[in-house]
Engineer: 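The structure's right below; bear with me while I get my questions together.
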Amino acid sequence: MPGYRLRGAFRAPDGAIGAPLIDEIITAADRQEAIRLANARESLPEDEPVNALWLVDEHETLIWSLRRAEREG
């Protein structure tokens with residue numbers, strides 16, 4: 001199964017993304033399953049400063065991203 005990497009960081013008001021505060025491996029059969037698993041991830045208290053999430057494949061190609069406000073809105 002391919003490995004995907006879920007990352008999360010603080011996105012400043014000017015759009016600048018800080019260093020990843022979340023960096024987790026997601027093992028999934030395909031991109032759609034990896035995105036589903038990333039969307040299903042529960043927020044933890046230590047994730048509080050994180051307001052941007054993104055998922056990359058094994059080649060570091062961006063396949064999904066989300067601003068926390070979109071998830072909560």
Engineer: How close do R11 and A52 get, counting heavy atoms only, and between which atoms?
Structural biologist: CB-CB, 3.9 Å
Engineer: Does any N or O in the side chain of N39 come within less than 3.5 Å of the main-chain N or O of R36, such that one atom is a donor and the other an acceptor?
Structural biologist: no
Engineer: Tell me the closest heavy-atom pair linking A28 and Y4, and the distance in Å.
Structural biologist: O-CE1, 3.8 Å
Engineer: So if you build clusters from Ile, Leu, Val, Met, Phe, Trp, Tyr with side-chain heavy-atom gaps below 4.5 Å, do L6 and V56 land together?
Structural biologist: no
Engineer: Can you see which heavy atom on I63 is nearest to which on R31, and at what distance?
Structural biologist: CG2-NH2, 2.8 Å
Engineer: Keeping the roles fixed (side chain from D57, backbone from E60), state whether a donor-acceptor pair exists under 3.5 Å.
Structural biologist: yes
Engineer: Minimum heavy-atom separation for A38 to W64, with atom names?
Structural biologist: CB-CZ3, 3.8 Å
Engineer: Cluster question for you: counting only ILVMFWY and a side-chain heavy-atom cut-off of under 4.5 Å, with indirect links fine, are L37 and I35 together?
Structural biologist: yes
Engineer: Could you pull out every donor-acceptor pair under 3.5 Å between side chains of residues 12-27 and any protein atom, sequence neighbours left out?
Structural biologist:
| residue | atom | partner | partner atom | Å |
| --- | --- | --- | --- | --- |
| D14 | OD1 | A16 | N | 2.9 |
| D23 | OD1 | R5 | NE | 2.5 |
| E24 | OE1 | R41 | NE | 3.0 |
| E24 | OE2 | R41 | NE | 3.2 |
| E24 | OE2 | R41 | NH2 | 2.9 |

